[in-house]
Amino acid sequence: MKNGIYAFVVLFVFFACSNKREQMLCKTWQVSDVQFYNVEQAIVLSDTLQGDQIEVAKVNLRDMLMKNIYAFHEDGTFKTGNAIAEAGGDWKLKNDALVFMIENEEGTKKKEIPVEKLTDDSLILAMGNDQTSLKVRLILTPVIVD
């Protein structure tokens, strides 16, 4: 009997924590900063991004990413985009990662992105090799949407 009660308490705490993390995520976030990491490795591994070109790529990528908004809804859907383009689909938290699921012609495309930090006022995602060989850390803050 004691083991059953203990298992129930452990499961309750697990689901309560999971729900609290999901509740923290369910809002609209805007990219407030972009940090690049492993830049030296990107220069070594890439023939197309050398010397000054890596700086140009960083400026362009940062400018593009700083315009992005991410809206996570309680029903498990999300929208992301900027003035140029928009995408959406389903999301879920899986351990220390955020899983995006987007439907397309070939089926469901899943993208798992590590979550470095999630609090009520800060979300940090570690994006890797999505648009270039550069790896970026997105720092997001909540925004109020009318």
Side-chain angles (χ1 to χ4, degrees), residues 7-146:
F8 175 77
V9 170
V10 168
L11 285 173
F12 177 77
V13 169
F14 173 76
F15 284 112
C17 291
S18 177
N19 288 337
K20 183 178 179 184
R21 290 188 71 213
E22 289 174 358
Q23 288 172 357
M24 284 190 284
L25 185 65
C26 289
K27 58 184 79 159
T28 300
W29 301 84
Q30 182 168 8
V31 177
S32 60
D33 195 13
V34 177
Q35 299 173 346
F36 294 89
Y37 62 99
N38 293 343
V39 174
E40 295 80 16
Q41 183 181 14
I43 292 172
V44 171
L45 294 176
S46 174
D47 290 334
T48 59
L49 293 176
Q50 295 296 322
D52 292 337
Q53 292 178 342
I54 196 87
E55 292 305 317
V56 171
K58 284 172 53 178
V59 168
N60 291 336
L61 187 57
R62 185 178 198 286
D63 183 54
M64 181 187 69
L65 292 172
M66 288 290 291
K67 297 174 184 167
N68 285 352
I69 300 264
Y70 294 82
F72 297 97
H73 307 286
E74 291 180 6
D75 65 358
T77 61
F78 78 94
K79 285 200 181 227
T80 183
N82 52 44
I84 298 170
E86 190 174 277
D90 295 321
W91 67 270
K92 68 178 178 178
L93 284 173
K94 179 181 166 188
N95 300 323
D96 289 329
L98 181 56
V99 180
F100 292 98
M101 295 158 286
I102 300 172
E103 293 288 329
N104 61 25
E105 302 82 41
E106 295 103 31
T108 302
K109 179 181 176 185
K110 290 185 180 183
K111 175 80 175 161
E112 196 167 313
I113 300 172
V115 175
E116 292 186 0
K117 180 180 178 184
L118 174 58
T119 64
D120 283 325
D121 59 357
S122 180
L123 172 61
I124 300 176
L125 302 175
M127 313 281 283
N129 299 3
D130 287 341
Q131 277 124 32
T132 70
S133 58
L134 296 172
K135 294 184 178 186
V136 297
R137 184 173 288 115
L138 296 182
I139 291 83
L140 298 102
T141 52
V143 295
I144 297 172
V145 179
D146 297 326

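Note that this is a predicted model, so its numbers are computed, not measured. For this chain, numbers begin at 1 and follow the sequence in order.
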- Intermediate values then yes/no, side-chain contact (heavy atoms from CB on, under 4.5 Å), Arg21 and Asp96: CA-CA 11 Å; Arg21 290 188 71 213; Asp96 289 329; 4.3 Å; yes
[X] versus [Y], closest heavy-atom pair with distance:
X: Met101; Y: Lys110; value: CG-CG, 3.7 Å
X: Pro142; Y: Lys27; value: CB-CD, 3.6 Å
X: Ile113; Y: Ala126; value: CG2-O, 3.6 Å

Is the backbone N or O of [Y] less than 3.5 Å from a side-chain atom of [X], with the two atoms forming a donor-acceptor pair by type?
X: Thr28; Y: Val143; result: no
X: Asn95; Y: Ala97; result: no
X: Thr80; Y: Ile69; result: yes

- Task: Mark yes or no: Arg62 above the aromatic ring of Phe36, with NZ or CZ under 6.0 Å from the six-membered ring centre and no more than 45 degrees from the axis.
- Result: no
In Å, rounded to the nearest 0.5 Å, how long is the span from [atom1] of [X] to [atom2] of [Y]?
X: Gln23; Y: Glu74; atom1: CD; atom2: CD; value: 7.0 Å
X: Asn82; Y: Asn68; atom1: CG; atom2: CG; value: 5.0 Å
X: Lys92; Y: Phe78; atom1: NZ; atom2: CZ; value: 13.5 Å
X: Leu138; Y: Gln30; atom1: CG; atom2: CD; value: 12.0 Å

- Message: What verdict does the side-chain contact (heavy atoms from CB on, under 4.5 Å) test give for Val59 and Val56, after you've listed the backbone C-alpha separation in whole Å, the side-chain angles of each residue and the deciding distance to 0.1 Å?
- Response: CA-CA 5 Å; Val59 168; Val56 171; 5.9 Å; no
- Task: Test Met24 against every option in Leu93, Asn19, Asp120 by the side chain to side chain contact (heavy atoms under 4.5 Å, CB included) rule and name the one that passes.
- Result: Asp120
- Item | Flag side-chain contact, heavy atom, 4.5 Å: Leu140 against Leu125 | yes
- Task: Verify the ring-centre separation between Trp91 and Phe72: is it less than 6.0 angstrom?
- Result: yes
- Query: Going by the angle between their ring planes, with limits at 30° and 60°, are Tyr70 and Phe100 parallel, tilted or perpendicular?
  - Reply: tilted
- Please test Leu25 against Val115 for side-chain contact (heavy atoms from CB on, under 4.5 Å), starting from the C-alpha separation and ending with a verdict. CA-CA 11 Å; Leu25 185 65; Val115 175; over 6 Å; no
- Contacts of type side chain to side chain donor-acceptor pair (under 3.5 Å), residue Asp121, not counting sequence neighbours: Thr119
